[in-house]
Structure formats: structure tokens, C-alpha cells
Amino acid sequence: MGFSRYLLKRLVYAFIVVFVIMTFNFAIFRLMPGDATKMIIDPTFTPEAIAELRRQFGLDDPPLVQYFKYIGNLFKFDMGLSFSTRRPVVNELKERLPNTIVLFLTSFIFTTIIGISVGIYTASKRGTFGDNFVTGAGLFAYAVPAFWIQLLLLMLFGYYIPILPIHGTMSAPPPDGFFLQFLDRIHHLILPAGSNVLVAFGSWALYTRNTMLEALGQDYIVTARAKGLEENVVLRHHALRSVLPPIVTLIFGALPGMVSGAVITETIFSWHGVGKYLMDAVMMQDYPAAQGAFYLIALAVVICNLAADIVYGIVDPRIRVGEGGAK
Amino acid sequence: MALLEVRDLKMYYKTLRGYVKAVDSVSFDIEKGKALGIAGESGCGKTSMAVTILRLLPSNGKIHGGSVKLDGVDIVKLDDEEFRKSIRWKKISMVFQGAMNALNPVHRVGDQIVEAILAHEDVSHAEAVKRAEDLLDMVGINPKRFREYPHEFSGGMKQRVVIAMALACNPDLIIADEPTTALDVMVQSQVLKAMEDLRKRLDLSMMLITHDLSVIAQTCDDIAIMYAGKIVEYGNVIDIYDHPMHPYGMGLVNSFPNIKAERTRVRSLPGFPPNLLAPPEGCRFHPRCPLADDICMEEEPKLIEIGSNSHKVACHKVDMLERGVDIWAQ
Amino acid sequence: MSQNKTKTDMSAPTFWEQYRRKPLGMIGLAIVLVYVFVAIFAPFLTRYSPKQILLADRIAAPIWFRSVVPQYKDAPPTIRAELGPSKWVVSEATGGRLTSDEIDGNAVTVIEFEPVPITMTDESISEGEDDEFQYGDYEGEPSKSVVELSYPIAYDFNPPRTFGSTFNYWIDGSPDSKTELECVIETPEGKEYSLWGKSYSGAVSNQPARVDSRDLTLKQRLGLTIFDDPAPKIFSSKGDYRLILRANSTSGDEPTRVYISNAEFYIPGMVHGLLGADHMGSDLWTQLVYGTRVSLSIGLSAAAISVAVGTAVGIICGYLGGIVDEFMMRVVDVLLAIPTLPILIILGAILGKSVWNIVLLIAAFAWMGTARLVRSQTLSLRERVFVEAAKASGASDAYVMVVHILPNVLPLVFAGMVLRIPSAILTEASLSFLGLGDPRVATWGRMLHNARGFGAFTTLAWWWLVPPGLAITLLSLAFVFIGNTVNEILNPRYRERS
Amino acid sequence: MKLRRFLLPVAICLILAMTCGIVTAQQKVKWEPYGPQVDQIIMPIIKDSEAQLIAFMRGDVDVYPGLTRPEDLNKVKANPNAEITMNYGFHMFYLCYNMRREPLNSDVLRQAIAHVIDRDNIIQTLFEGYMLPLAAFLPPSSGYYKEDVPRFEYNPEEAKKLLDKAGYTVDPATGIRIDPKTGKPLRKMTIYTPTYEVAPTSAELGKIISEACQAINLPIEPEPMDFPVMLDKLDRAEFDMYMLAWGLSRLPTSLYSFFHSSQDIEAGYNRPGIRDPELDKLLEELYYAPNEEAAKKAADEAQVILAMKQPYTVLYSRPYMDAFRKDRFTGYVPMHGYGAANYQNKWTTLNIRPTKGKGGTVRWLLPEEPKVLNPCTASSAYEWEVLGRLYDGLIEVDPETMEDIPWMAKSWEVSTWEPEPGKKGTVVTWNLEKGIKWQDTTPFTSRDIKFTIEYLRDNKVPRYIDSVEHIVKVETPDDYTAKVYFANESYWHLYRAGECFLPEWIWKDVKDYKTFEPWLEPHPSVKGLTKVIGHGPFILDQYKVGEYVRLKKNPIYWRLKK
């Protein structure tokens, strides 16, 4: 059937992208000036100790061997040892990934829910205040630097009215009891996730509103109305159903951007996640760590894209049935 | 009594800068089993009129007076729910401009027909499916394609599906808004022929909206020419095609070389359609009319009957127009 | 309603005729023009250079806070005085006088003491023949010469955090002369704080003197602890202070001259300029104004480069088709799948932080959208009659692409470029904010980076945080307005349905 | 047992003596060699310096070690509940010249540059006055610091005179001084500094110093540079000048590493490339000194030569400034060289206690992720902030006098032996205290010392290789005596017995110490412990990456106050 062919095609394509990213990853860090191991060498090291470290990080092999080793290892999620900690990068990423996922999912879910419902609501109320608000919020979201809003919120609620925590994912020491710990986590989540939602929902709402309006202006909606269908049915069955594909595209299409944005959000709120790890690694010139973090982020994006393709295929019959039909 | 009597219908769009008088005091009749063609340039209010009759107005559009009587009942006065249930599709159905887009791409074509039936008639789903299949068959589409999606159909087939859908509830009147614009010429004539056959067979009335006079010539009994939200000339097709009496109608008719055997140059009328936000005083056509004088600028002409066959024209200068004189020729 | 799908070849006057009727487009244009004006005339809009530091105290508030915020009512502005011979007031002159001299074109204050030969008693001569030089008995002797220069400082403000003074001096005198120099501040209450002092025998070559309230030795001299601040103690009340430079000479066979170069006295202001000062005392308004230059040029050039690349790739792919097209489109797909900001962070860190690098990097990851758009446009143009005709008449591919296709995709490309600018500006700001921008230039992102890193939060210096972000937002918004308007006019297909 | 008496430099004494109200090492502070007094130490990990400050000001942390930004100090001192301690440390910031290159091989030129550096101005404008101007080659808190070395104080006029006299006259055409050897204007020289992002003040300093040099017509420009690139260039001696800091220790052996000609190799630490036979001789005497007196004498003489030669121009030393919430905790012990809150200061760890009541949890800020709590691979100070509190040393240091205090070793003896006929080597004999137990109740014996030294040596653990490479063998005549045999003779071998010890029953099975993550693995027999087992006052309870480290009081600590 067409869909499985479609799926296979997307999979192969995703695989190619991953491979390119791996190669890219390998290349950029070997092309840089200076010797990466310089960072980890301590004044007390003897030449033997330095040589041992170089061997350990595999820097003495010829480039091609390094490359194949590197790609091979990456498939096994072996991203080498971090220069600064000399621990396996994958272990360090594993420790940070849950935090990133929590922040990301919270921001994502709330942005989606708020953005889309505001968008749909205002689409049905054209010309009202709410409508103008969404247009404004959408434009604002496009033009405003997210990190600036986050800084302002941080200053407002972390310093000026210090009611929210300014760093980390939990208090130290955390309160006793599961429920209190859970509340503590949420308390820490409010600023980073809330600011993400605040910055992003406008563009989602605007996009949803525009697609919804476009859908409502489509001839088939007029047809549906003309058919004497109830307004409710028209909205749900025809309009919403037909804006699903573009909204799914938007949702998944926005994922890479949100993943990228995580780097800044995590840096600003000292959120101990993969994005901050990448930033720290770059600042400390810990190349294996930066490579690992970047690889993970890129992989997440590829997976998101793949998921988008699949979901899109499911909601839009034109794709599900294959390449045929009117194109 | 005519099936549809439209009297003095006014529909304005409210915009930030004022009212757009898209339909302004329009009156016409459609007899049972007859077809009325509505012609005019883009933006003259043809489509607005169609959506006004079916009350499919956007939120800023509103009927500002007049009546639409269907079988003697003023459907303008019905409340929305009543109108939706009893009139739409049941009495009046519509074939939309650009049939490509009239079908929802994410639903199966059959379901879209079934949906219309179920919305109005108390029949079982299976029965509705059966009827939908019959309808598809009637418009010349294999009923087996019931479960396919719109994008799997060609343009002409989609249009036929749309026609089938319009017939789903045995309406009295079909409004066809540019039913063939997006199709190529071959398919166009096929679809038109299919429509004509069905109309004849089912004894349907039709209101055909198009800017293509040749389509009207092929299918309609009467014609109304609209200019800037008003009907400027109205009457029997043959009558008007032979002897257009309004300067605009004259220009329009003459711009279609293929109506008559003789070949004339294709030309468009000089000037632009007026801005409906602030239409010209007096006769709305006067800025483009070669015959316009002071009275045209001050007084709005009434649609008055001249000659026989209820041929109506709204022009001060109708006396000056001698039959058959081409005022647009240089 | 009905759509106007006709694409018109628009001349510049008609374009402008249509453009000027769009209020949002005009607002956008006006904003951009203001920015351009600011960028061009930056040096005229501010007295300082963005690299100038120590203009005021660290994180000084905007000067207009004094009339708006009660707690800043009496905050001190920067006081800086250059003290030459004409500025000093001689408040005491016993046995000496103030003159001036000019050395290398600089006016130099000279304190000249009359010779005061040491009068030695007979005993001292007879007793200490082989001894080292001895001072005579001072008692009752009128030999002490004092010259006191003072500079009045009318201080009407709250206590400052720091103050300081610098000058150079050298002494010309016979080996037996003994000279003492002292720098003092006298408060309105008449209390004297001795800030600095040295004493010399004989001549001394050029020496720098530096008084700074943060200096540990000064704190020690005043009997304060390491963590005490002398400035608020000394300038604790409002009124007329005096900076006093006191010189005394006790002996000398020849006239003793003390040369003092132009002295500088300064109190770094706790309010400064339109927007205050940063952690290094650099003017924030200046940074904002010069940041406009950088942001505008980075935005424009990155957008131009990315759109140029995208257009070229799009036209070539769309026109040539085949393997080239297939390959390039796959490249585009892959590049689109790479998260932009992380890769820019990494590449920025590795490849170095010059402005040019950043522009190229931003452009390198921003051309793909344009390439796709232009390619699809080219695909449809390729089938058009005039292209067929040109090909039939033997025109080369390059010729067709440049002469026939390029002009037809330009409207699309132009609007695309305008819309690309804000994202380039935002990307640069993000990178600078993360500390990956060019450290040598003042950009808005860098201002925010500094604000976050150097104390804007803990001092609640919102005036440091708000303006750069606002500047970015407004400029981006302006370009969005312009881009949408241009699109509306040139590419009606994109027009929003109404 | 020898006790070393350190004479603190006069200038420092003066400054510190007048710091009444501030707790410094000069003040008598009550401390006792028993503890710990608190039940728990929580170390919240806060990296962002603004967040650190606000956490302390809001009272989210009780101990704020290492205020690195002087402007923060101004804010902290406004808080009535804060008490700040200040101690000069082993930090040294310097400008290094490449003496292998023309024209920087000229002593006069380097001296002239030294003359234009206005340390006081730099310290006041960049550091709010809180750095210690330094011109010597060892930090003032080192016992080997020599104050009265020749100095090149700030005096641009003097610098000009020096240059003029040596023939570096100003070329009127270019405004640049002429090299007397070539007769041409001096070539352009650069000062490498870290970038503004990594070290804003260093980059700024590079600019200030370059401008000062330009003012006396020397063509010198600053060039901020990424750290690995810079280190690479330094290793290959491809530089004119650069600026960096060293964090040194209380031992003067760094002089040997930095200035002995044998260290002038690629990637060696003699970065200026100074090769001076007289200096070499003194440094060898220092490095292989048989006793403290000889070391002191050699160090003093070497510093005089270095001061004249100026291979570095030393600029300043950063003090340790730590802040405590005095409303909640007391008992912190300021200490020379380490400050009050550093892990090397055992005494604060033992003595800190609540102002009211007993026990309690002290929240001790950790400014960086400790990352690896593996004593073999832990490399940064932040790991040792945690690990350092889990272990005890054989010798500890007195916070006031900086003398050695017998700790786990109740006494020791330094003697010699003959590793090969005709060659002398050092033997250090340790006599251990009885009753010391590992945190899992296993007794601590001399076999643990033997195992640790052999493990570190056999695995070539880079961090310890310098300490153990000269060890020939370790003998354990009984459980409480360990004899460590070195292949050569040096007084410094006393301090090379290792800072921490590894429990044999955990480490003997560890194949690859590099990938071993002992803090993530539970202890094989005792519930609640990890494989990080020490014998110090605190037990590692939990390390929540990115959030905090929790240390609990060791209930069987041998120095608990009964």
C-alpha cells in the first residue's frame, strides 16, 4: 500500500539525514584550530600522562580511522569521554535528558493547547478584541527575542518580586514527601515553561487562526453550510478536520525550533538539561560533550520530523494514499 | 407565480470604511423549470447575490431589505435554524465556483453526499449511501468510486460529483456559481451538457452565475446583467443577445465574439468597475459610458420595461440607443 | 470574494503608489528609516564612543531618574574636573607662591618656595663634623614654608560610591631641601581627610600620584577596614568641599620648585546619560545607538547573502532539473533538518567570533527556504512561452536564467529578503546574548549578555535590560510589516483573504 | 618532627592587621581539631554568578565561598546578616614574555614594560581595589615569598629613560622605538589574552597594558584568543606575550617547573624560555632540597634573579573572599592561602556549627558541577570541594601558622637510603593513629597507603603520576607504620604521599579507573553508602546532578568530640 511505501521513504530519508549529521559532527570538531586535549591538561601532567590522554581520546589515529570509529561508536550511542569530566558523554546526557524532556513537554503541551484553542476561538470571533490580540501576539512572537522576554520575567519574578526560583529544577535540599517534591518541581517549572509558552503561543494562535479562517473561507465550508449542516458540524467535521494537517505540520514543524530554543531557555534558567550541557560544553571547549549534545538534539529533531511526516500521512488522505491523485 | 421572486434585495458588507453595497435593490423572478443566467464583470455582486439567497453571508455581510420569496414564502424572514433545515439544499442547493475546492479533501466523496442527505431527511445511513451511489451514477460516475477521496478525481469528475451532491435532496432550485470556470473547454461543455440534461429531466429551476455569456447562451432562458450591485438589463436571452439595450450590456455582449457566427474583435470595456464603497452618483455606469451626460450623473435610472418580452433596461439614454447600433465601436 | 491572481510587472512608481496606501507598511518603513538614521548619524547622537569606559559608576541609572524616581533625587552625576594652574585657588602661601609653566604644550602648576638655608648652631657644626647631615633645631625658626592650593567642589548630592584623583609631579630643589606633599579633602564641616602624602629630600623625577577611594592603602590611611568605603564617609553631607593640595618645604639653599601636571579629580556618577551606564561605566545609550549599526548591517547582509544564495540555487535547480536539482533539494532537506541555533553555537565557537563570520554562518543556514520557493517558481516559469521562445532562439541557459527567469522571481525574492532580515537580527542577538558574538563590537545581544552576566538582575537595573530588547523587537516588527506589505503588493497570491 | 615557621610579609600584616571587623587569618579564631559539628552539608549547585549572589542574599545558602566578582562584595557587605572573610591565597596573575624571541630577549625592554604597568590603577578600576598588587614570583601567602626583591614600580618616565639609555630611541617618522641591534623600528608585538567571554578582566587588562606600552612608543597590541588555540600556541612557543593566572600551592616547587631550563621544551611549563645557568643551579637546589632551610635559601636567591630578569611580570594575586550567614552559622576558620570555605581548610568543615542549637544542615554553595566524584579522575576544584570533605590527610595545615599538624599520621620521619649504590633516596616513615576507620567500619591501616600508592603508580593515573612516579616501594612493617621509598632525594617527597586513599576491597576489582563511577554504585555491603568511601568527617549521601550534593556526618569519625 502507498502508505508503507511513503513511510519507508521517510525512514530512509531520516537515516540519511542522521548520517549526514554524524559526518558533519565529526568534521566540524576535527577542523577546528588548536589541539582539543590542551584543555584537559593539567600543569602536573607528565608527557606520558598527556600521551595517555591523547590515546584515550583517540586523537592519535589517522583521520579516516577516527571517522569510521566515530560513526561506528555513535550508532552504539558511544559518544566518547567528556574532556572536562572524563566520563562517558552518554551517561552525562542520560542524567540531563529527563529534565529537558520535562521542560520541553510542559512547554510544548501548554503552548499547543493554549495556542490552538485561542486560535480557534478567535477565528470564530473575527474583528473582536480577542482577534486583534491574537494578531498582535502572533506578530510579537515573531519579532520579539524570546530570551529577552525570559530575562524580563526572570528579573520580575526572580529578583524584583522574588516569588519564583531562579535556577534549577528543584530546591536543595528538596522537601520531604513525594507530593511536596512534586509541587517543588512545578514551582521550578513555572518560569521556564511559562515563559516558553508566553513567547510561543502567539504565533501558534495566529497560525491556527489564519488556517482556520482560510479553512472557513474555503469553498467546501460554504458548501457544507449550504448543505444545511449544523454550524457545529461544519466547524468540527469540516473546518477543524481540514486544518488538522497544517496544524500537525505546525506542531511538529515547530518542534526543532523549540528544541533549539531549549538551549537558550535552559541557559537562562540554569535548567540542568541537554541544551545547557551543550552551551557549557561549548564554553569549556569540551568537544566530545558538545558533539554528543548536538548529536542528541539533531537526532531529536530528525525523529520529530519523522513523526511529523507519519502523523501528517495519517491525517491527510492525499498523502496516505500515495503519490497519485491530483498533484 | 414564479418559483423564486426576488424583490428589492439589498445586501451590504460592513467594512472599516463603510458599507459595500454588493447587492443593491435587485429584483428578478425565476419560473419553475426555467434557468436564469446572471452575468457581469468580476466584483459586480453576482456571487454575493447567490450567497444572499442561500444566506451564506460572511459575518460582515447583512441583508438590508427586500424579499426573497420561494413558492410565495419570504425566506428572508425565516429564522436561521428554520432556514437551514427547510431551505438549504432541500429547496435550494448550490454548485459552487471552482468545484475543485467545493469538496472537502479530507473526506470521502460519497460521505460528503450522504452527509447532505442525512442532514435533511430521516433515512437510514444505508439508504443514504444507496441514494448517493445512484446520484453518482446519474452524473456518470462509477458508484464504486464512492469511497475515494476528492484528489483521486479529475476536475470534470469532481464537478459532476458536486452536481450530484447538489441534487441529493431533490431541490427546487439550483444556484450554479461559475460551475465551469476552472475546467478546460472540452470538459466544460460535457459538464454543461450533463447539467442541462439533468435539469430538463428533473424539471429543475436554475440560477446560473457566470461571466461567460456563451455559457448562459447555451443553457439559460433568461438573463440578468449586473453592474456594480445592480441589474442593468434583464430579459429573454435571445432578445438581449440580439438587441442589448444598455450600454454596458451592449459592450458585454459584443465582447463575446462566438455568440453569433460573425467574427468581431474581442475587446474589453475601457475603465474600471466602480468602487462599491462609494459608487458613483446617478447611474453607476456613467463614468465609463460614452453616452453619459448630466442627468446620468445626477439621477439613478430605474429598471423599466421596454418593448415586448419583458425586456427591462435601466438607462436614461435608452431612447438614444437605436437597436443594433454599436456604441462601443470607434 | 474574487481574487486577483494576475501578476503585474510593476514599475517603481506604481509600486510606491500602492505601498503608500498601506498604513502598516508605512509605519514599518518609518521605523526602519528612524533606525537607519540612528545608525548613520550614531556619532552625532552621542558624545561617547561605545568603547569608552569609566564614564560613570558601575551600573549607573539614567540621569532622568533624578526627576522621576524619588530615591534617585539627589543621586550624584559624574563630576570630573581638570585642574590646571588657572583652576587652583591659593588658600595659603607662606614662603612660597604659585606660578605656572608650560612643558610640551601642557600647562603645569608650579609651586615655588623661597630658599630657606638651614641655620645651624655652632654646636651642631662642631659636634657633628663627620656625621651625616643633620637638621638644625627647628624650634622658634620661621623656616617652614607652606603653599596650599585648593579647588572648591560644590557637592549637592547623596554620598557617592567612589571618587579619585590623579596627577603627576616632580620636584626641583637642592639636595638639602625637604619637601612634603599632601592631598586632602575638606568637608563643609571643616573636617580634613588626608588622602595621600609623600615627603622627599632633594629633587625627584616625574612621579605619578593616584588617589582612589577603593585603594587599600587609602583605607588604611583613613583608619578604615578593607571592606569600608571611604567615599560615602567623606562626602556624607551636602555642601562645599575643598580638594586641597598642600606642599611644604622646610629648607633648601636654592628655590625649591614643585611641578604638578594637570590634575584630574572625579566622582563617578551614580546617574548617567539617557540610559545609564553598564558595569564598566560605559554609556548604554551609546551602545544602543552603535548597536543599531551592527544589527542593521548584520541583518541586511545576512539576509541579502542568504537570499542571493537561495535564489541562485533555486533558479539553477528549477531550471536545470535532473540530478543537480535532485541533489541540491536533498541538501536543502538535510540542512533544514539540522537545528539552527545549536549548530550556530558550535560553529560560532569553533570558527571564531568576528562579525563577518557570524553573518556568513547565519546566511549559511538561512538560504534553504528561499531556494525552495524560487525553485517552484522557476519550475512554472520554465514552461512559459517567453522562456520557450528564448530557448528556441538559441539563448544559453545562463542567459535565460539571468535575463528571463531572474527578473520574474525578483518580487518573490525581494519580499522574502525583507522577511528574512528580522530572523537574521534575532539570530545574531541570540548568539551575542549567549556570548558567541563578536566581542569587539557593541550589539544589542551583547548588551543583554552583559546585563545578565554583570549585575543587572541583582541591581534590578531594568534600564539596562529593556532598551536593547525593545530595539530588537521594534526593528523586527518594522521589517515584518514591510515584508508583509511588499508581499501583498508584489505577490498577491500571498495576500490574506478578507 | 619539624615545624616550619613562616614569616608573613610585613606589608600583608599591615593591611590585614587594620582590618578590624573583618575576619581574617590574622585574627584569633577559636577552632578545635574535632568535629564535625553539623549533621549535614547540602551543596546546592548554582553556576550563574548572579543567581549565586541572590541565593546568598535571599538566604537560600549559608556559605558562599569564593566571591570572585568585587562588585558582588559590595552587595554582600550591605547585608547585615553576612560576614565576609578575606584571605590572600596562592593565586598569581602574570604577563609572560617570550624570551626566545627578539626583541623580548632584552632585559631592558622587559623591565621597561614592567615599569609601565600601573597595578594600583588596574586593581582599582577592574577589581574595586580588592586584589593584592604582586611583583614577586610566589604568592605572598606562601612561606617562601620574598618581599624585598628588586621591583619595577609603575613609572612610565623611568621606563622611557631606561629605554633611551639602552638605545631604544624613538623613530621620529613612525613614532616607534628603534631596536638598537637592527637599527629599525621594533616589530609589532601582541599580547595574547583569553577572550572577553572566558575572562573579561584579563582581556580588558591586555588592552590597558598594550595602551600603556604604546604610550612609551612600544608597538604592542592585545589579541583575545580562544583558550585551546592560545594554549596550543604557548606550547609551541609561538607568542610574544600572554597573560594568564596560576593557582599555586604552598610549596615553592612551581619555580622549578616554570623557570628551569629543562622545562623549556615543547608543552613544557617554562613558557618564557628562560635559560640561566645560575638560576638553574638554584632551582635544582630548591627542587632537590634535603631540608626546609636549604629550600628557603635557594628560593630566596632564585626570586631575586627572577625579579631582575622579569621572565614574567607578575601583576596581582586574588584573595579568597568567602561569605557566611552569621545569623545562622558560626565557627568558620579563616586560613591563609585557602580562605575560610575551601575544602583544603579542614577546620571550617569541622568547626562550622549553627549559631543557635546543635547539628543542623548547612547549605554550602557549590559554584560548578562536581561532575566526577571519582578520586582518581576528579580534576577540578569543585570535585574536591566535595571529595576533600570525605577524606583526611596524613598531615594537615595549621590555619594560623601554616605549620604542619600531625593528623592521621601521628608522626613521621624523613631519612635517606641507597636505592642504588652511591645514590641517595628519601624514605618517609609514617606512624599512623590507631582507631581510624573507613566509613564502612573497616579499619584504616598502612596497607591502605601501600595499596593506594601502588594502584596509582601501576595505573599511571595522570593526576597523581608526579606524586608517585619516584616511589620505588612501600613497606608496611605493621598496620600502623608505612615506609615509602623514593628513588631520589627531596624534602618535598614528604608531601607526595597522596591526598586521598582508596579502599582496597572496592578498588582492587576496578579494571578501568577512568570509567568507574563510584558515586553511582551502591556499596557492596553497607546499605546507604556508595562506592565513594573515605575516612573523613563526612559521608557522600547523594549527588543529584545539576542540583545538589548531600554530605552526611560520619558517625564513626575518629575525631568526633566525645
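From C/Ile53, atom CD1 reaches atom NZ of D/Lys207 across 5.5 Å, with rounding to the nearest 0.5 Å. D/Asp120 contributes atom CG, which lies 9.0 Å from atom CG of C/Asp212 (distance to the nearest 0.5 angstrom). Rounded to the nearest 0.5 angstrom, C/Ile226 CD1 and D/Ile84 CD1 are separated by 10.5 Å. In this structure, CG on C/Asn206 lies 6.5 Å from CG on D/Asn155, to the nearest 0.5 angstrom. Taken to the nearest 0.5 Å, the CG atom of D/Asn74 stands 5.0 Å off from the CZ atom of C/Arg161.
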Can you list the steps and then say if D/Lys77 with C/Asp228 is a side chain to side chain contact (heavy atoms under 4.5 Å, CB included)?
CA-CA 9 Å; D/Lys77 73 190 185 193; C/Asp228 278 332; over 6 Å; no
After noting the C-alpha distance and the side-chain angles of C/Trp170 and D/Glu157, does the key distance pass the side chain to side chain contact (heavy atoms under 4.5 Å, CB included) rule?
CA-CA 11 Å; C/Trp170 58 101; D/Glu157 298 304 317; over 6 Å; no
Working note: C/Thr162 + D/Gln124, criterion side chain to side chain contact (heavy atoms under 4.5 Å, CB included); need CA distance, chi angles, decisive distance, verdict.
CA-CA 10 Å; C/Thr162 63; D/Gln124 271 128 40; over 6 Å; no
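Residues C/Phe227 and D/Met321 share a closest heavy-atom pair of CE2-SD, 4.3 Å. The shortest heavy-atom contact between C/Gly453 and D/Ser49 is O-OG, 4.2 Å.
The residue among C/Gly455, C/Gly164, C/Ala456 with the most heavy atom pairs within less than 4.5 Å of chain D is C/Gly455. The choice from D/Ile54, D/Leu53, D/Asn121, D/Asp48 that makes the most heavy-atom pairs within less than 4.5 Å of chain C is D/Asn121.
Both the backbone and the side chain of C/Thr458 come within less than 4.5 Å of a heavy atom of chain D. The parts of C/Arg452 that come within reach of chain D are both its backbone and its side chain, each placing non-hydrogen atoms under 4.5 angstrom from that chain. Proximity to chain C is limited to the side chain of D/Leu73, based on heavy atoms less than 4.5 angstrom apart. Within the 4.5 angstrom heavy-atom criterion, no atom of C/Leu218 approaches chain D. D/Tyr130 touches chain C through its side chain: at least one heavy atom from C-beta onward sits under 4.5 Å away, while N, CA, C and O do not. At a 4.5 Å heavy-atom cutoff, the contact between D/Thr125 and chain C is made by backbone and side-chain atoms alike. Neither the backbone nor the side chain of D/Glu153 comes within contact range of chain C, judged by heavy atoms closer than 4.5 Å.
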